[in-house]
Amino acid sequence: MHPEKPYRHRKIGDRTLTPETLMMSYGYDPGLSEGAVKLPLFQTSTFVFKSAEEGKAFFEMAHGVRQPSATEEPGLIYSRINNPNLQILEERLTLWDGAESGLAFSSGMAAISTTLLTYLKPGDTFVHSEPVYGGTEHLIDSVLPAFGITGEPFGIFPGSQTLEQAVAKARARGRLGMIFIETPANPTNDLVDIAACARLAREMGPDGSRPIVAVDNTFLGPLWQHPLECGADLVIYSLTKYVGGHSDLVAGGCLGPEPLIAPVRGMRTTLGTTADPHTAWLLVRSMETLKLRMTSAMKNARYVAEFLRDHPKVEQVHYLGFLEPDTEQGRIFATQCKGAGSTFSFDIKGGEAEAYEMLNHMHLARLAVSLGGTETLIQHPATMTHSDVPVERLNEMGVSPAMIRISVGIEHPDDVIADLKQALDHVHVGVRAK
Ligand SMILES: *Cc1c(COP(=O)(O)O)cnc(C)c1O
């Protein structure tokens, strides 16, 4: 990467440009694309070398045999390894988190599984926060153990182990390779203290053998939470959600310092979990409006959360903006998060029947899993996204049959509220007065 190239300038005079500004231009040289103002789609699997010597040099750089000299760019080879759409996406993605390097993947699960398989080997253990995304849960519980890699969960709900207990148990079994955190947790919005995990990891291995701290930042990132600033080593995304933002693509990301990203890049090339050029092109286009969308959705979510909190048929709203500042969760929120985001859950009075009655009467909000799109989405975690998790475990975590998760979009908030209101009016089964 050559920071001195004009299209990688991040300053005008003394002023350092903000990521939202750089989203329109950073990393793209129109001179390389017939002057096109926008990055074209490089829908190609492979790239022509000018000479055999050039092909050799590009492979040497791609395989890390040598670093590019001051005048060289790592050359384009093959779209599983690199592609202009992929590279510009990755360069822009790093700006929000202040990361040195970034990688884009074919899905959030591709990012998570490729990263875990890079850093965890047979016999290794790791600890992870709980609850986590359903796909991650399946990887941890059903796939990794077959490779001799076992996890220990920790959480903040009654009956869960603490981080320290999980670490002790994991280390008794084998080398602790990773602390994997999802915060806020899906769907409860439980927060994990990233800085505390990073401190513990550093105390464990001052000799460099310490576990990698990786954070799934899908719910609040890349705008409202910056795990690398809190001391995490790697930040992981489902780019399908807020970054893609239009519910029209599936992709993932992993960011961090180049020495930690390089092995993940190598594993991605081997597993073939790279994002394709068209998806990368869509993401680059989406990122121009990322801040606008996330800001608008976050504002709307507060109105929606307040409406739900005050509604007599709603028991409780798990919205980060309602955390009491004098609680441990409130303290973590204040120090770690820059905003409350726009995805949260609430418990309707009653159970599954009442929740289903409401869901089946939504008009504007779509009944669908996923989140972070321009449109409001609503779903039932216990029987949809988290249906793999045993019922007793769900109950412990606070994921009851009465829980509904909403991802608030960028519609007019009064329209979303009108929709929720009429759907709640249809809920009759077993409702008590508030
Ligand atoms: C959706 C999601 C994932 C998985 O991402 P995909 O793009 O669907 O593979 C991982 N973690 C979290 C928190 C998610 O919401």
Side-chain angles (χ1 to χ4, degrees), residues 89 93 97 102-117 128-144 151 153 155 178 180-192 194 214-225 227 232 234-255 268 271-276 278-280 282-283 286-287 294 297 301 318 320 337 341-345 368-373 377-381 384-389 397 399 403 405-409:
L89 162 64
L93 200 56
D97 281 286
L103 298 171
F105 293 84
S106 53
S107 69
M109 283 314 301
I112 294 169
S113 54
T114 305
T115 304
L116 265 56
L117 288 172
H128 66 90
S129 62
E130 188 180 43
V132 288
Y133 175 75
T136 311
E137 180 93 34
H138 190 75
L139 176 73
I140 290 171
D141 290 348
S142 307
V143 178
L144 293 178
M178 187 179 281
F180 180 89
I181 309 163
E182 184 181 307
T183 184
N186 177 10
T188 53
N189 271 351
D190 289 352
L191 296 175
V192 179
I194 300 169
V215 180
D216 183 335
N217 199 33
T218 300
F219 262 49
L220 287 184
L223 265 288
W224 315 129
Q225 183 171 266
L234 295 172
V235 51
I236 298 177
Y237 288 103
S238 169
L239 301 176
T240 311
K241 315 294 167 53
Y242 287 98
V243 179
H246 297 72
S247 302
D248 57 4
L249 62 87
V250 175
C254 180
L255 316 172
R268 180 185 69 170
L271 295 180
T273 47
T274 318
D276 70 276
H278 182 235
T279 298
L282 282 169
L283 281 161
S286 292
M287 282 164 67
M294 286 191 75
H318 308 276
L320 291 174
C337 311
S342 52
T343 301
F344 62 91
S345 298
V369 299
S370 199
L371 57 111
L377 297 179
I378 196 158
Q379 64 107 8
H380 189 248
M384 294 171 193
T385 47
H386 292 71
S387 53
D388 267 0
V389 185
M397 293 177 194
V399 183
M403 181 181 268
R405 189 187 76 187
I406 186 167
S407 165
V408 180

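By convention here, the first residue in the shown sequence is residue 1. When a ligand or atom number is given, it counts from 1 through the structure's own listing order.
Scored by the side chain to side chain donor-acceptor pair (under 3.5 Å) test, H386 finds no partners at all (sequence neighbours excluded). Annotation: side chain to side chain donor-acceptor pair (under 3.5 Å) contacts of Q379 (sequence neighbours excluded): T385. Among residues two or more places apart in sequence or in another chain, the salt bridge (Lys or Arg N to Asp or Glu O under 4.0 Å) test is passed with R405 by none.
A donor-acceptor pair shorter than 3.5 Å can be found between the side chains of Y242 and T343.
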Give a table of atom pairs where an N or O of ligand 1 lies under 3.5 Å from a protein N or O.
from, atom 1, to, atom 2, distance (Å)
ligand 1, 5 (O), S238, OG, 3.0
ligand 1, 7 (O), G108, N, 2.8
ligand 1, 7 (O), S238, OG, 2.8
ligand 1, 7 (O), T240, OG1, 2.6
ligand 1, 9 (O), G108, N, 3.0
ligand 1, 9 (O), M109, N, 2.8
ligand 1, 11 (N), D216, OD2, 2.7
ligand 1, 15 (O), K241, NZ, 2.7

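At a threshold of 4.5 Å between non-hydrogen side-chain atoms, the residues F219 and L320 do not count as touching.
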Next item on the list: For V243 and T218, run side chain to side chain contact (heavy atoms under 4.5 Å, CB included): C-alpha distance rounded to whole Å, both residues' side-chain angles, the deciding distance at 0.1 Å, then the answer.
Entry: CA-CA 9 Å; V243 179; T218 300; over 6 Å; no
